[in-house]
Amino acid sequence: MPDPEERKSYEPKAIERKWYDFWLEKGLFKPEINPSGQPYCIVIPPPNVTGSLHMGHALNATLQDVLVRWKRMQGARALWLPGTDHAGIATQNVVERELAKEKTDRHQLGREEFIKRVWKWKAEYGGRIIHQLKMMGASADWSRERFTLDEGLSEAVRTVFVRLYEEGLIYRSGRLINWCPRCRTALSDLEVEHEEEEGVLTYIRYPLAGGKGLVTVATTRPETMLGDTAVAVNPSDERYKDLIGRKLDLPLTCRQIQIVADPAVEMEFGTGAVKVTPAHDFNDEEIGKRQNPPLESISVIGADGKMTAQAGARYAGLDRYECRKLVVEDLKSLGLLEREEKHIHSIGHCYRCKTVIEPLSTPQWYVKVEPLAREAIKAVRQGRVRIIPEGWQNSYFAWMENIKDWCISRQIWWGHRIPVWYCRECGEVIVARETPDKCPKCGGASPEQDPDVLDTWFSSALWPFSTLGWPAETPDLKGFYPTAALVTAFDILFFWVARMIMMGLKFMGEVPFRDVYIHALVRDQEGQKMSKSKGNVVDPLTIVDKYGADAFRFTLAAFAAQGRDIKFSEERVKGYRHFINKLWNAAKFISMNTEAEAASSAHEVSDLPSRWILSRLSQAAEEINLALEEYRFNDASNRLYQFLWREFCDWYIELAKTGLEDAGQAKGVRWCLLYVLETVLKLLHPFMPFVTEELWQSLSPAGAGGGSSIMTAAYPRDLPRYPEAEEQMGAVIDAISAVRNIRGELGVRPGAKVNIIVNAYSGAAVETLKKHLPYIMRLAGADSIIIGTGIEKQKPKKAAVNVMPELEVYVPVEGLLDIEAEIERLGKELGKTDKELNFCLRKLMDEEFVNKAPEAVVAKERAKCQELEDKKRNLEDSINRLKSMEVENG
RNA sequence: GGGCGGAUAGCUCAAUUGGGAGAGCGCAGCCCUUACAAGGCUGAGGUCACAGGUUCGAUCCCUGUUCCGCCUACCA
């Protein structure tokens with residue numbers, strides 16, 4: 001056990017690893033250590049296997065760990081269930097990039113080999129983020145770690161798919177979907193990121209067939225004209241009314257298209273006539289469907305983003321953007337390009353690779369979400385799931401109420417293979433949990449499995465119950481579902497949280513978690529989102545390395561105010577490292593001054609400072625618990641900071657130095673020092689697990705550690721209060737502060753002793769102060785002190801004065817006092833007091849205020865007025881005295 | 001286009017239900033007072049974005065304006 005006395009400052013590196021291993025070895029992260037406690041479970045938002053820890057993970061993990069450590073100490077059967085997500089597209093991209101370096105690709109490798117290769121990659125690098133979470137001190141139960149492609153979870157996925165299919169909630173359709181030409185896969189609406197960009201609106205002339213005249217249409221995508229099958233106008237548009245039904249010669253092709261009417265066409269936009277390309281635009285697809293007969297759909301862009309044969313020989317094979325240029329040039333040379341103008345519009349991009357999305361028509365699987373969403377909305381409305389902070393509820397409802405069907409099939413290889421087979425003989429669609437060996441309809445041999453895999457979010461939607469063992473009815477499932485809280489950032493509220501609620505309700509008949517705590521996004525100092533491309537990423541592990549995990553965690557918690565993003569600043573971490581160092585040194589002082597047995601048992605303390613600090617501790621503990629209950633992590637950490645540094649170190653330890661010299665009190669003070677330290681360590685532990693364990697263990701073997709861990713100590717709550725001690729200490733602190741203030745203002749050297757005269761306004765205060773003279777003398781730096789009430793006559797002439805609500809303090813500073821300066825200082829003080837007093841008086845003279853304001857407020861105002869009047873009189877008094885002396889001297 | 005959030009000390013941010021605003025860092029002054037200079041004591045610094053309204057009273061509630069974020073939507 002390292003002895004803190006030997007080290008001047010806290011060195012995190014030396015101990016973090018040691019204690020983490022200790023906890024693991026003792027199995028303290030397992031819920032079984034509190035077998036009879038209330039269940040408390042948090043499932044981790046599974047980070048991508050491809051990922052490495054970023055600030056968002058660090059914040060997310062810290063908050064979860066704070067909660068779970070806190071609950072565990074409260075005796076809960078606490079389980080933080082960790083795991084990772086297979087992240088279909090992202091992981092496949094990573095491995096494909098590797099293959100590219102080897103001058104090969106997945107098609108050359110073949111599906112089976114490729115999958116093997118990804119598993120190999122996963123085995124090698126997939127554990128990185130987990131390792132990094134451990135560096136952060138995460139107390140997750142690693143024995144229960146899950147991966148979304150585990151056998152059990154895969155079974156859950158298949159079970160869900162089959163059941164939804166059987167209920168008609170999963171279906172296949174060939175309508176337009178968002179297609180990423182680079183990833184070569186379909187994407188759900190959510191996976192498309194819309195961004196405003198400046199583009200060009202191109203006006204193109206379409207000549208009327210067999211006659212004069214033309215219709216001009218405007219488009220941002222000229223290349224799609226090759227697939228136009230109509231031009232649409234608003235039926236009530238007078239300009240075009242007569243043209244409806246007429247044919248147009250579609251330029252650059254030998255096709256003719258019809259002018260049709262559709263109410264969705266805005267008359268004000270462009271020319272009021274819109275080209276219709278049902279195969280490449282969601283709106284146009286709708287327009288096409290509304291026509292009778294429906295419009296033909298001609299695909300001119302393929303899955304690779306290149307023009308197809310249908311685009312015509314001249315354009316086939318060209319990239320869509322090259323084709324755009326060529327089409328415009330060709331139109332220009334035909335005199336059919338009317339004009340081009342700048343146009344700002346939003347363009348969809350693939351959320352994984354940022355490639356511009358192409359609407360394409362391919363057969364895909366969909367979940368019919370509306371019936372599921374209805375239940376999920378209800379659950380939140382009824383408060384069965386609480387979203388915190390509440391503001392996010394609106395977004396949740398808005399999204400859920402307009403939800404569209406969810407495209408779940410992806411044309412990649414890494415993921416859950418869709419459990420659907422097609423009979424090669426009769427074309428029968430077979431949806432089953434297990435691979436069928438023959439067609440149940442015609443008996444045809446070895447049906448062919450659908451080549452696609454499921455959206456990664458499909459499996460993560462099941463995470464809260466699939467990780468607990470579902471569909472098997474395991475003890476964990478029974479014991480921990482529904483989980484207590486979900487901690488996540490808002491950016492996956494729809495992707496993940498909403499879908500978990502839907503699936504949880506559907507398959508467990510119960511919400512997956514009671515609380516959803518939405519935390520902030522971590523940004524850089526300028527408020528920019530951190531991203532690799534911007535190069536403004538701060539690596540959490542670098543911070544841990546520099547300042548230690550505890551300081552980092554505490555910083556994140558202190559930053560985690562609800563409803564606001566975090567602008568990360570390393571300066572702040574530095575500040576909290578100082579805080580830890582303060583704790584370290586306080587502990588050092590205490591262990592130097594206490595004995596092993598001091599904290600062994602409960603103790604009655606009689607000295608005022610001790611009773612005071614115990615009472616303050618009680619209050620702090622209460623507030624911290626309350627803050628944690630309400631997910632106010634920043635309030636909890638600030639309170640801890642305030643208590644430990646300002647109250648315990650600045651006041652109590654300084655007072656205790658006097659107490660320790662008093663033979664009668666020393667024992668109680670020693671006990672109190674240790675007890676408060678121990679308690680504050682416990683309060684701090686969820687936030688800074690390592691240093692608190694280290695100190696706990698090294699304190700006194702009999703008192704604290706004793707071989708066990710602070711992790712299993714009871715979290716402090718319901719400690720005794722001593723209101724009278726708090727009040728009495730108020731007077732002592734006021735007296736000391738008053739003297740210090742004078743010393744500071746007058747620049748009295750800290751080493752120089754002064755004489756003090758305290759005029760207290762009440763007998764009780766006099767008594768308290770007299771009883772605690774040694775404390776006042778020490779902390780105020782006095783070598784003599786006179787205390788009394790109404791000691792007018794003893795008021796020294798040549799003295800600085802400080803007037804407090806319940807007492808006034810005189811410090812004769814012979815030789816040190818610049819009378820002129822002191823008069824000025826007091827004058828300034830008087831001015832301030834006067835101003836306040838006037839404000840206060842005016843208020844009280846206002847009849848309406850006195851009549852209408854609550855009595856308590858008026859009374860408070862009266863008392864304040866009284867106080868200010870006293871203060872004013874005293875200040876005037878002092879000034880006059882100094883002035884008269886000036887005359888004497890002069 | 002719709003919706004949400006933010007504007008408070010030089011900087012980063014707080015402020016349980018309307019009663020003259022707090023912290024950390026930074027800054028200034030004095031100190032190596034043996035737990036801690038990663039420290040101690042003291043201090044300066046704010047028309048709470050702008051304009052109205054409700055109220056005895058508004059940083060807080062209402063309306064509008066400006067400036068920033070974000071989410072969402074099929075105006076080609």
Side-chain angles (χ1 to χ4, degrees), chain A residues 4-5 8-10 194 201-202 217-221 224 232 264-266 268-277 281-287 343 345-346 359 389 391-392 394-395 398-399 402 490-491 493-494 521 523 525 527-529 558-559 561 563-569 571-572 574-593 626 630 632 634-635 638 641-642 646 649-650 653-654 657 737 740-752 778-781 836 839-840 843 846-854 856-858 860-861 864:
Chain A
E5 289 175 40
K8 199 166 183 186
S9 60
Y10 172 59
H194 292 274
L201 194 57
T202 308
V217 298
T219 180
T220 53
R221 304 201 53 196
T224 62
V265 179
E266 298 273 340
E268 290 74 29
F269 189 88
T271 60
V274 60
K275 62 191 265 324
V276 182
T277 325
D281 185 284
F282 292 105
N283 283 318
D284 295 3
E285 182 187 40
E286 292 302 314
I287 294 176
H343 180 63
H345 61 149
S346 87
W392 292 108
N394 289 334
S395 307
W399 188 70
N402 294 295
F490 71 84
D491 54 346
L493 184 59
F494 306 143
L521 239 43
R523 300 170 179 280
Q525 274 177 319
Q528 298 282 319
K529 205 167 169 173
F559 261 132
R564 190 187 269 247
D565 280 349
I566 293 173
K567 284 187 204 160
F568 187 77
S569 116
E571 283 303 303
R572 240 354 229 281
K574 215 184 276 177
Y576 289 121
R577 183 184 56 174
H578 296 175
F579 174 57
I580 294 174
N581 197 47
K582 189 76 182 176
L583 168 66
W584 182 264
N585 281 298
K588 185 167 85 177
F589 172 80
I590 290 167
S591 68
M592 274 164 49
N593 284 284
L626 192 64
E630 294 171 357
R632 290 180 286 113
N634 60 326
D635 288 342
N638 285 330
Y641 187 98
Q642 209 63 27
R646 306 271 84 104
C649 289
D650 287 353
I653 290 186
E654 293 309 318
K657 286 174 183 172
S737 298
R740 282 176 167 177
N741 176 282
I742 290 171
R743 298 181 61 120
E745 290 282 300
L746 265 46
V748 178
R749 303 169 59 81
R778 184 182 193 122
L779 296 198
E836 268 184 82
F839 185 82
C840 201
K843 227 169 170 179
D846 184 346
E847 268 180 50
E848 294 211 85
F849 170 75
V850 179
N851 291 338
K852 292 184 182 169
V857 174
V858 179
K860 205 171 130 194
E861 214 61 33
K864 192 170 154 193

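A, B, ... follow the sequence lines: proteins, then strands. Residue 1 opens every chain. Owing to the predicted nature of the structure, the values given are computational and were not obtained by experimental measurement.
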Work out how far the P atom of B/U54 is from that of B/C62, and round it to whole angstrom. 15 Å
Tell me whether the OP1 or OP2 atom of B/U34 has a side-chain N or O from A/K657 closer than 4.0 Å. no
Base, sugar-phosphate, or nothing: which does A/F282 touch, judged by heavy atoms less than 4.0 Å apart? nothing
Tell me: OH of A/Y641 to C1' of B/A14, nearest whole Å? 14 Å
Please report, rounded to the nearest Å, how far the P atom of B/C11 is from the CD atom of A/E571. 15 Å
Between B/A76, B/C71, B/G19, which nucleotide has the shortest distance from any of its atoms to the side chain of A/F490? B/C71
To the side chain of A/F494, which of B/C71, B/A76, B/A38 is closest? B/C71
For A/A218, report the nucleic acid contact type (base, sugar-phosphate, nothing); a contact means any heavy atom under 4.0 Å. base
Now, which nucleotide makes the Watson-Crick or G-U wobble pair with B/C27, with each of the two distances under 3.5 Å? B/G43
Select base, sugar-phosphate, or nothing to describe what A/D650 touches, counting heavy atoms under 4.0 Å on all strands. sugar-phosphate
Once you apply a heavy-atom cut-off of 4.0 Å, does A/R646 come out as touching a base, just sugar-phosphate, or nothing? sugar-phosphate
Re B/A15: Watson-Crick or G-U wobble partner, both distances kept under 3.5 Å, found to be none
By nearest heavy atom, map A/L201 and A/K843 onto RNA chain B; which one lands nearer the 5' end? A/K843
What's the CG-P distance between A/N283 and B/G1, to the nearest Å? 18 Å
Closest to the A/F849 side chain, choosing from B/A23, B/C56, B/C41: B/C56
Is a donor on one side and an acceptor on the other found under 3.5 Å between the side chain of A/D281 and the backbone of A/T277? no
What is the distance, rounded to the nearest whole Å, between atom NZ of A/K574 and atom C1' of B/A38? 10 Å
Can you tell me which nucleotide in B/C36, B/G40, B/C56 comes closest to the side chain of A/P750? B/G40
Give one of base, sugar-phosphate or nothing for A/D846, where a contact means two heavy atoms less than 4.0 Å apart. sugar-phosphate
So, is A/R749 close to the B/C31 phosphate, meaning a side-chain N or O under 4.0 Å from OP1 or OP2? yes
Is A/T219 touching bases, backbone alone, or none of the nucleic acid, heavy atoms closer than 4.0 Å? sugar-phosphate
Taking the nucleotide of RNA chain B with the nearest heavy atom to each, does A/K275 or A/K582 sit closer to the 5' end? A/K582
Length of the line joining A/R577:CZ and B/G39:C1', which is rounded to integer Å: 14 Å
Of the listed nucleotides (B/A35, B/G40, B/G43), which one gets closest to any side-chain atom of A/F589? B/A35
For A/C840, report the nucleic acid contact type (base, sugar-phosphate, nothing); a contact means any heavy atom under 4.0 Å. nothing
From the list B/G43, B/A76, B/C36, which nucleotide is the closest neighbour of the side chain of A/E745? B/G43
Could you report the tightest heavy-atom contact between A/L493 and A/W392, atom names first, then the distance? CD2-O, 4.1 Å
From CD of A/Q642 across to C1' of B/G24 the rounded distance in Å is 10 Å
Between B/C75 and B/U12, how many Å separate the two P atoms, rounded to a whole number? 36 Å
Tell me what A/N741 touches on the nucleic acid: a base, only sugar-phosphate, or nothing, going by heavy atoms under 4.0 Å. sugar-phosphate
Quick one: look up who B/A51 pairs with, Watson-Crick or G-U, both distances under 3.5 Å, and put none if it's unpaired. B/U63
Any base atoms under 4.0 Å from A/V850, or only sugar-phosphate, or nothing? Heavy atoms, all strands. nothing
So which nucleotide from B/A35, B/A76, B/C25 ends up closest to the side chain of A/H345? B/A76
Within the structure shown, what part of the strands sits under 4.0 Å from A/E654 by heavy-atom distance: base, sugar-phosphate, or nothing? base
From the set B/A14, B/U12, B/A76, return the single nucleotide nearest to any side-chain atom of A/F559. B/U12
Find the distance A/Y576:OH to B/C36:C1' and express it as a whole number of Å. 19 Å
Are A/K582 and A/Y641 in a cation-pi setup, meaning NZ or CZ lies under 6.0 angstrom from the ring centre and within 45 degrees of the ring axis? no
To the nearest angstrom, how far is A/F269 atom CZ from B/A73 atom C1'? 15 Å
Does B/A35 have its OP1 or OP2 closer than 4.0 Å to a side-chain nitrogen or oxygen of A/K588? no
Just call it for A/F579: base, sugar-phosphate, or nothing, with non-hydrogen atoms closer than 4.0 Å on any strand. nothing
